[in-house]
Amino acid sequence: MSNSNGEEQTDMNANEPIPPASTAPPVPPAGPSVDAQNKAVEPPYENDLLARTAELDQYFAFNDDAREVEFKRHDMPTPWLNYLSNGTFHTMLSHAGGGLAFYKSPQIWRITRYRFFHLPTDRSGPYIYLQDAGTGSYWCPTYEPAFRKPQEWRSSHGMGYTRFEAQADELAAKTVYFVGPYENSLIWNLTLTNNSSKVKELNVYAYAEFGMMEFMRELQWQCYNKHQVSVQYHEKKALIYKYGVENQPKPDETPLVYMMSDAPLAGYDGDREEFIGSYRSESNPAAIEQGGCTGSAILGGDPCGALQVRVKLAPGETRTVNFFLGTAMNETEIERAISHSREADFVTRSYAALQENWARYLRAWNCELPDQDAQRMLNTWNPYQSQRNFLFSRNISYYATGTFRGVGYRDTAQDILAVVPYDPEAAKDKVRLLLGQQYRDGHVNHYFFPNEGWDPVTSIHSDDHLWTALAVWDILAETGDAAFLQENIPFYDGGEAPLYEHLKRAIDFTVSRLGPNGFPLMLRSDWNDQLFRVCREGRGESIWTAMQFGTVLLRMKDLAAASGYPEHAAYYDRLYGEQKSLVNTLGWDGKWFRRAVMDDGRYLGTAEHEEAQIWLNAQTWATLSGMAESDKGLKAMDSVRDILDTELGIKKLHPSITTFPDPADPLTNYNKGTGENGAVFCHANTWAIIAECMLGRGDQAYKYYRQLIPNIAMEQAGIWRYKAEPYVYASNLFGPESDRFGLANVSWLTGTAAWMYVAATQYIMGIKPVLAGLSINPCIPSAWEGFSVTRRFRGCEYEITVKNNSHVCSGVQEIRVDGERLEGTVIPAYPHKQSVKVEVIL
Ligand code: GLC
């Protein structure tokens with residue numbers, strides 16, 4: 001790769017031939033039968049891998065060495081996204097080039113427009129147009145949106161970048177989009193090669209549609225406020241977009257936007273009407289069809305950034321042109337960013353740093369498993385997705401519009417769990433951010449807006465404030481840093497206290513809100529957002545929260561000891577015992593655990609009712625919390641297997657609700673089998689994996705794990721039924737009571753990512769940091785011969801090999817560390833060693 005100054009830069013991709021682009025319309029193959037009922041099926045991992053993957057091979061392929069997924073056609077069932085980000089400047093970009101850019105917050109600093117839900121799908125995006133100056137014919141390397149399509153095309157998502165490789169009329173174009181660490185900009189790195197025997201004269205256009213930065217305000221007040229924005233041409237040969245709208249939340253922190261190239265400009269447009277023209281679209285911009293950019297700017301109007309560059313290519317010649325869409329706080333900063341970005345090696349350095357950052361991050365964990373699909377998820381896509389959740393909470397995706405989601409307290413507290421092994425310092429920062437949202441009485445804001453400065457959503461839920469203790473315990477286990485517990489952190493309503501005290505107040509808050517039966521009051525809801533209807537009168541109690549509370553109390557005993565309050569442990573013990581006894585008596589229904597007590601005193605989740613008899617969370621957390629007595633844990637998980645499991649994951653509840661508890665006021669308005677009602681809620685499936693591992697049933701645990709690996713679920717359902725990305729988890733799949741069983745929803749931003757990671761690494765592979773060191777207790781499929789893992793832990797690399805010659809699921813026979821036999825199953829920290837070899841025999 002070379003930049004426009006001609007310097008050689010390193011190549012960004014393998015030189016494989018580009019497959020021809022698709023033309024035939026896709027034929028949706030039949031999914032699972034619409035009336036499929038829940039039944040346990042043969043584990044799909046025993047099927048013939050080649051047969052299963054044949055259909056999907058037409059659409060995409062994984063390249064595990066490069067940590068990429070390649071797309072062979074543009075017409076996927078939905079836009080399949082990637083997130084490009086340096087932590088401050090972000091772009092979500094689809095496999096076909098649609099997407100949007102934002103600075104810090106998609107609520108108030110959204111830079112480009114993406115037209116959610118509207119047709120045509122997946123518009124707009126950061127588009128490049130390549131036009132033959134002689135014939136006027138033009139096409140886009142992203143396949144979309146120009147009418148004329150490339151003859152050869154493919155795209156790939158990698159760690160923090162997306163690449164498009166295309167060819168038409170013997171002109172090859174490779175475009176890599178990424179956000180580098182050195183400037184807050186999306187870099188569009190375009191490399192053109194003339195594969196013909198004639199000189200090519202081209203017009204190259206880069207185009208982005210700017211929106212008002214505040215998307216909600218745009219929808220309401222665009223007619224007035226559009227006249228408070230401007231796009232002006234700057235003498236450094238860039239366009240500068242200014243969002244000067246009155247009453248915006250943080251005018252002093254609102255950046256200017258620039259769009260520039262490192263090649264000389266032949267033209268520009270800042271007025272969307274001039275570049276696109278009326279009754280046209282990104283498919284046929286007027287400026288491109290009518291002689292080039294017009295030199296428009298706006299002081300009020302519909303803004304865009306369009307740049308035109310002329311490129312002349314001799315036969316066989318290759319040239320690179322870079323475009324930049326970025327932000328900076330003022331004109332001086334923009335001038336600096338422009339000069340910096342035009343430095344000869346800026347793009348190469350930025351790309352190399354991006355790759356190095358991801359390589360360093362992902363070095364914390366690497367496994368070799370007998371299951372390639374699981375191995376790929378755990379080494380690459382699962383930690384990648386988890387990191388994006390950690391950054392964006394549930395804010396913005398193809399499904400979520402990024403208008404009013406901010407940072408969800410409970411969601412983020414859980415997202416932390418999968419970032420701890422990779423970046424404990426960032427995890428600590430997130431805990432500080434969360435605890436800053438806690439009130440002195442121990443409860444927390446439900447979600448909040450650290451960038452926007454808006455008031456938080458203050459509804460009080462029975463579970464929110466409790467989640468933090470799990471994250472803190474994990475951070476301590478990972479780092480051994482007990483001093484973290486002493487750090488002073490402010491309360492949201494004034495004053496401050498050591499971190500441990502924050503956690504203790506969360507416990508006290510729950511204790512002060514126990515219901516008539518002694519379980520925690522449901523309050524606004526528990527983890528399940530829909531449960532507000534069983535507790536509108538304020539008497540409803542959550543049996544699940546009792547279990548979550550118990551899980552947290554076990555951790556709090558450790559944290560009390562580590563904080564120098566051993567006397568608190570007895571208090572936590574007593575609380576645990578009381579809740580445990582309630583769970584096993586009032587909470588037990590005979591074959592499973594009940595879910596809640598409703599306002600009217602009746603139970604939710606009992607065989608006595610027609611609908612919503614059994615709920616997944618109450619079964620899994622009975623084991624997670626260690627509360628289930630005698631064989632109740634096993635019985636409950638057997639009921640999960642027999643009643644809730646399907647070939648595409650475990651349903652959240654059964655039977656789905658239509659009229660319960662009152663036809664005039666059912667518990668949920670979700671149609672049966674969708675979303676919160678009888679769908680396969682992937683997040684909740686992760687806890688079934690953990691519970692089965694804790695019960696020692698590795699084959700069952702692995703069935704649950706494997707069936708939701710996205711490309712496996714897609715194989716099972718069929719791509720046209722599953723629809724979402726095959727490389728990241730979705731929040732839920734429609735369940736068997738829906739006629740679209742298998743349709744995946746709300747991919748990317750879901751708690752599924754963090755907990756799948758925890759379930760697989762800490763419970764299936766059984767490599768779990770604990771306060772005393774690294775605990776090893778695998779629970780794997782009995783068919784596995786073994787597996788190996790390299791894990792960074794407190795500064796040392798543990799090279800762990802697990803052998804399973806006896807073909808059991810669990811039970812450690814022997815552990816040797818550098819040849820020495822270890823007592824027990826917890827390997828100590830080795831702060832002075834680079835690496836240790838750990839041999840484990842099951
Ligand atoms: C969504 C919410 C999460 C909630 C879950 C179950 O994923 O983001 O906070 O726990 O739904 O209702």
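Computation of the quantities below employed the complete heavy-atom set of this structure, encompassing side-chain atoms and omitting hydrogens, waters and symmetry-equivalent molecules. Quick note: residue numbers are just sequence positions, from 1. Predicted, not measured: the structure shown is a model, and the values here were computed from it. Atoms within a ligand are numbered from 1 in the order they appear, just like the ligands themselves.
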Side chain, backbone, both or neither: the part of [X] lying under 4.0 Å from ligand 1 by heavy atom:
X: Asp411; result: side chain
X: Glu676; result: side chain
X: Arg410; result: side chain

Would you tell me whether Glu737 and Ser656 have side-chain atoms, one donor and one acceptor, within less than 3.5 Å of each other? yes
Can you tell me if Tyr114 uses its side chain to pair, donor with acceptor, with the backbone of Ser397 under 3.5 Å? no
Sidechain-backbone polar pair: Gln579 side chain, Gln548 backbone, donor-acceptor under 3.5 Å: no
Starting from atom 7 (O) of ligand 1, which protein heavy atom do you reach first, and at what distance in Å? Phe681 CZ, 4.0 Å
Which residue supplies the protein heavy atom nearest to atom 2 (C) of ligand 1, what is that atom called, and how far is it? Asp529 OD2, 3.5 Å
Could [X] and [Y] be called an ion pair, given the rule that one side-chain N must be under 4.0 Å from one carboxylate O?
X: Arg505; Y: Asp441; value: no
X: Asp599; Y: Arg536; value: no
X: Asp662; Y: Arg533; value: no

Which ligand 1 atoms, with their elements, are less than 4.0 angstrom from a heavy-atom of Asn528? 12 (O)
Decide whether an N or O pair under 3.5 Å exists between [X] and ligand 1.
X: Arg394; answer: no
X: Trp527; answer: yes
X: Arg405; answer: yes

Cation-pi check for Trp467 against Arg410: NZ or CZ below 6.0 Å from the six-membered ring centre and within 45 degrees of the axis, yes or no? no
